[in-house]
Amino acid sequence: MKKIFRKEMLIGLIVLIAMAILFFGIDFLKGVNVFKAANYYVATYDNVEGLAVSAPVSVNGYKVGLVREINYEFDNPGHVKVEMSLDKNLKLPEGTQAILKTDMLGTATIELKMGTGSNFYKVGDELHGAVASGLMDKVTNNLMPTVGNIMPKIDSLLTSLNAVVGDPALINSMKRLDLITSNLVTTTSRLSQAVSQLPAVTADVKGITSNLAKGTDDLAVLTGRMRDIPVDSLTADIAAITANLKELSAQLNDPESTIGKLTHDPALYNNLNSTISSLDSLFIDIKKNPKRYISIKLL
């Protein structure tokens, strides 16, 4: 009997230990530190979507506890009671709010907004629960009306853009732009060829510059020689020759002068004309009768 009793006692002890391990293990998996003292508070919400057991409870971004239980209040339809396990050293002033916040991924957490009361809540008291507007709510309330106002303008803009894109003038302009681009490519190619020929042109310019320098030197020599010409004596000789020509011209025009008589006396002209006629008759007769004038004797 003693052995059987001992076995039953051992089995019962093992079962109790297993149940204790299971209980504390579940709390441990939930994130509850069973070895750390904690205070419990509750808050009621209309909607706890995204909130799960073991969700963090924080103050100013610092984690001070977690959600221990979430239960629907059947005696108060439409409300959900959330039990929070908070650090035992944390004291909550009256007026403290438990604000339910949801991030972009839909995960909800509780943020404690400390009150300003002089007294503190007792352990187990109910805090005022509030739900912060989520990102989608802000988008719906703030962004969507703006988007609704912008949509007609966007539709009008797209209509105008379609009209502009389908305008034949724009198509013709694009064709002209292609032609201008082609001309620019051709011009650039020719400009490159011209630039490649610049060294030869530069050499020619240098040769021309050298020739101009030589011409300038020759001109300087010629100018120096012209400076050495006796201009005064040359001018005096030209003046003397001019005076002589004037005097000769005056004598030719004066019928009383010797030269003037030669040019103005008709008798001289007639005599010369008669002499020339006689000489002409003489030459004719010599051609006809050469023996009359030429005598050839043979020894």
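The first residue of the sequence shown is numbered 1, and numbering continues consecutively from there. As the structure is a computational prediction, the values presented were derived from the model and not from experiment.
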Verdict with supporting geometry, Val59 and Met114, side-chain contact (heavy atoms from CB on, under 4.5 Å): CA-CA 8 Å; Val59 175; Met114 293 298 184; 3.9 Å; yes
Closest non-hydrogen atom pair, [X] against [Y]:
{"X": "Ala108", "Y": "Ala55", "result": "O-CB, 3.8 Å"}
{"X": "Val53", "Y": "Ile70", "result": "N-CD1, 3.9 Å"}
{"X": "Gly117", "Y": "Pro93", "result": "O-CB, 3.6 Å"}
{"X": "Ala98", "Y": "Ala43", "result": "CB-CB, 4.0 Å"}

So, do [X] and [Y] sit near enough that their side-chain heavy atoms are less than 4.5 Å apart?
{"X": "Lys122", "Y": "Asp125", "answer": "yes"}
{"X": "Pro56", "Y": "Leu66", "answer": "no"}
{"X": "Tyr41", "Y": "Ser85", "answer": "no"}

Backbone N or O of [Y] within a donor-acceptor pair of the [X] side chain at under 3.5 Å?
{"X": "Thr107", "Y": "Asp103", "answer": "no"}
{"X": "Asn71", "Y": "Lys81", "answer": "no"}
{"X": "Ser278", "Y": "Ser274", "answer": "yes"}
{"X": "Asn76", "Y": "Glu73", "answer": "no"}
{"X": "Thr188", "Y": "Leu184", "answer": "yes"}

Would [X] end up clustered with [Y] when hydrophobic side chains under 4.5 Å apart are linked, directly or stepwise?
{"X": "Ile110", "Y": "Val64", "answer": "yes"}
{"X": "Leu51", "Y": "Val80", "answer": "yes"}
{"X": "Leu191", "Y": "Ile180", "answer": "no"}

Stepwise side-chain contact (heavy atoms from CB on, under 4.5 Å) test for Val42 and Val82: CA-CA 5 Å; Val42 295; Val82 177; over 6 Å; no
[X] side, atom [atom1]; [Y] side, atom [atom2] - distance, nearest 0.5 Å:
{"X": "Ser58", "Y": "Lys63", "atom1": "OG", "atom2": "NZ", "answer": "10.0 Å"}
{"X": "Ile99", "Y": "Leu112", "atom1": "CD1", "atom2": "CG", "answer": "8.5 Å"}
{"X": "Thr181", "Y": "Leu177", "atom1": "OG1", "atom2": "CG", "answer": "4.5 Å"}
{"X": "Thr159", "Y": "Ile154", "atom1": "OG1", "atom2": "CD1", "answer": "11.5 Å"}
{"X": "Tyr40", "Y": "Glu83", "atom1": "OH", "atom2": "CD", "answer": "7.0 Å"}
{"X": "Leu127", "Y": "Leu86", "atom1": "CG", "atom2": "CG", "answer": "7.5 Å"}

Sequence-distant partners of Gln97, side-chain hydrogen bond (donor to acceptor under 3.5 Å, both in side chains), two or more places apart: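 side-chain hydrogen bond (donor to acceptor under 3.5 Å, both in side chains) list for Gln97, sorted by chain: empty.
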No-hydrogen, no-angle side-chain donor-acceptor test under 3.5 Å, Glu126 and Thr44: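 Yes, a side-chain donor-acceptor pair sits under 3.5 Å.
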Sequence neighbours excluded - ring-ring contact (aromatic ring centres under 6.0 Å, His included) pairs with any residue from residues 108-129: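 Residue pairs passing ring-ring contact (aromatic ring centres under 6.0 Å, His included), neighbours aside: none found.
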Asn60, CG atom: more than 12 neighbouring heavy atoms under 6.0 Å: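 No - once you tally the heavy atoms of other residues, nucleotides and ligands closer than 6.0 Å, there are 12 at most.
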Ring pair (Phe, Tyr, Trp, His ring centres under 6.0 Å) partners for Tyr62, two or more places apart: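 Testing Tyr62 for ring pair (Phe, Tyr, Trp, His ring centres under 6.0 Å), a comparison that skips the adjacent residues, returns none.
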